[in-house]
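Step one of this worksheet: look at the structure below.
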Amino acid sequence: MVGPLEQAILALMIFVIMLGMGASLTPRDFALALKRPYGLGVGVVAQFGFMPLIGFALATTLPVSDTIKIGILIMACMPGGTTSNIFTYFSKGNLALSVLMTVTSTVFGVILIPVVLLVYAGALDLDIPRENIVVTLVLLLVPVAIGMVLRKVSANVGAVTEFFGSLLALFFILFLIVSWIPRNWEFLLATTWGTYFASIMLGLFGFGIGYGFAKLLRLHPRNARTVALETGIQNGPLAIAIIAFTFSGSEAQAVMAVPVLYSLFIVMSSAALTLWFRRINTAAEQPLPNGLL
């Protein structure tokens, strides 16, 4: 499903994506977040509270194999993806909040992802090598730190790095379509409806619950859109990378099915949601208040 060459390309892509994520941040951003932690707290709860619970519900109710269940849980426990920043921008959301939520969920994910996986995998009696996942996540913080240094040294270099990192996140989906789908066409035809349902509905349920949670808290409409997109859009490339470097053989192929299909469908569902957000009548919306929420 993913050969040695593709693994090398995938590793390079992930490095550049995380580099771009780091380049989008400055120490001032973290200082601002600490002064107004409410918004980031909402993001962490949505990312590591709601999404894993949705994944667990799908894994327990759908007629899928244990390896597919592992793929569902791993995908549901991932931090926010950088593509959420792009869709937040086009949906007239709060881009600053989106970037901070993405990076915060990635940093917190080093601790929370293994913990949440331990809880839900144990409940389903599934074996997931969490040590390998921890090592992969820690290593991925290195390019984030490098990106922040680049931004500190030169704002122009940081801006270019941030742009290419976000662009590469979308290019990754095209890479899957061109490289992966033709060679795995028979696998896709043999994939059960439960796998497709989980891959599509994981993001859709995330959008709905994230948006409903934000509205329940009476957040500003722009922030509510941001929370919805940040909740539903998980880091698919990161999930695929973790699986490629953790599992092997046919087991890796089966576990990777949900993250790959999720990465393909989330772009379409996110684009549809963005169009809907843009059509919402914003005439009655008040100017965005200072701060993140």
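Excluded from the calculations below are hydrogen atoms, water molecules and symmetry mates; all remaining heavy atoms, backbone and side chain alike, are included. When a residue number appears, it is its place in the shown sequence, counting from 1.
Panel note: side chain R278, backbone K92; no donor-acceptor pair is recorded below 3.5 Å. Distance alone, capped at 3.5 Å, is enough to place a donor-acceptor pair between the T274 side chain and the S270 backbone.
Contact annotation: the side chain of T231 never approaches that of I209 to less than 4.5 Å [non-hydrogen atoms, C-beta and beyond]. With a 4.5 Å cut-off on side-chain heavy atoms, N223 and L97 count as touching. Contact annotation: the side chain of L219 never approaches that of T226 to less than 4.5 Å [non-hydrogen atoms, C-beta and beyond].
Scanning for side-chain contact (heavy atoms from CB on, under 4.5 Å) contacts around L273 gives F207, L229, W276, F277, with sequence neighbours left out. Listed by chain and residue number, F50 satisfy the ring-ring contact (aromatic ring centres under 6.0 Å, His included) test with F213 (two or more places apart in sequence, or in another chain).
Tracing side-chain contacts under 4.5 Å through hydrophobic residues (I, L, V, M, F, W, Y), one never reaches I128 starting from V115; they form parts of separate clusters. V227 and L216 sit in two unconnected hydrophobic clusters of ILVMFWY residues. Membership requires side-chain heavy atoms under 4.5 Å apart, directly or through other members. Under the 4.5 Å side-chain heavy-atom criterion for grouping Ile, Leu, Val, Met, Phe, Trp and Tyr, L126 is not connected to V119 through any hydrophobic cluster. Linking Ile, Leu, Val, Met, Phe, Trp and Tyr residues whenever their side-chain heavy atoms come within less than 4.5 Å leaves L124 and L118 in two separate clusters. Linking ILVMFWY side-chain heavy atoms closer than 4.5 Å, directly or via other members, places Y211 and L275 in two distinct hydrophobic clusters.
Of all non-hydrogen atoms in I266 and G203, the two that sit nearest each other are CD1-CA, 3.9 Å. Taking every heavy atom of both residues into account, T61 and A57 meet most closely at OG1-O, 2.7 Å.
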Could you tabulate the donor-acceptor pairs under 3.5 Å formed by side-chain atoms of residues 62-81, not counting sequence neighbours?
from: S65; atom 1: OG; to: T67; atom 2: OG1; distance (Å): 3.0
from: S65; atom 1: OG; to: I68; atom 2: N; distance (Å): 3.4

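Summarising the geometry, atom OG belonging to S199 is positioned 4.5 Å from atom CG belonging to L261; distances are rounded to the nearest 0.5 Å. Considering CG of L53 and CZ of F205, their distance stands at 11.5 Å, rounded to 0.5 Å. Atom-to-atom distance recorded for F108:CZ and Q47:CD is 12.5 Å, nearest 0.5 angstrom. One distance of note links CE of M256 with OG of S263; it measures 10.5 Å at 0.5 Å rounding. Atoms CD1 and OG, on I86 and S98 in that order, are 9.5 Å from each other to the nearest 0.5 Å. For the atom pair R225 CZ and K215 NZ, the distance stands at 8.5 Å (nearest 0.5 Å).
Side chain to side chain, T102 and E230 meet the donor-acceptor criterion of an N or O pair below 3.5 Å.
In this structure, Y196 and F265 have perpendicular ring planes: the angle between them is above 60°, well past the 30° mark.
No more than 12 heavy atoms of other residues, nucleotides or ligands lie within 6.0 Å of CD1 in I111, so this atom counts as exposed by the packing criterion.
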Report the C-alpha distance between T192 and T195 in whole Å, list the side-chain angles of each, state the deciding distance to 0.1 Å, and finish with yes or no for side-chain hydrogen bond (donor to acceptor under 3.5 Å, both in side chains). CA-CA 6 Å; T192 64; T195 303; 3.3 Å; yes
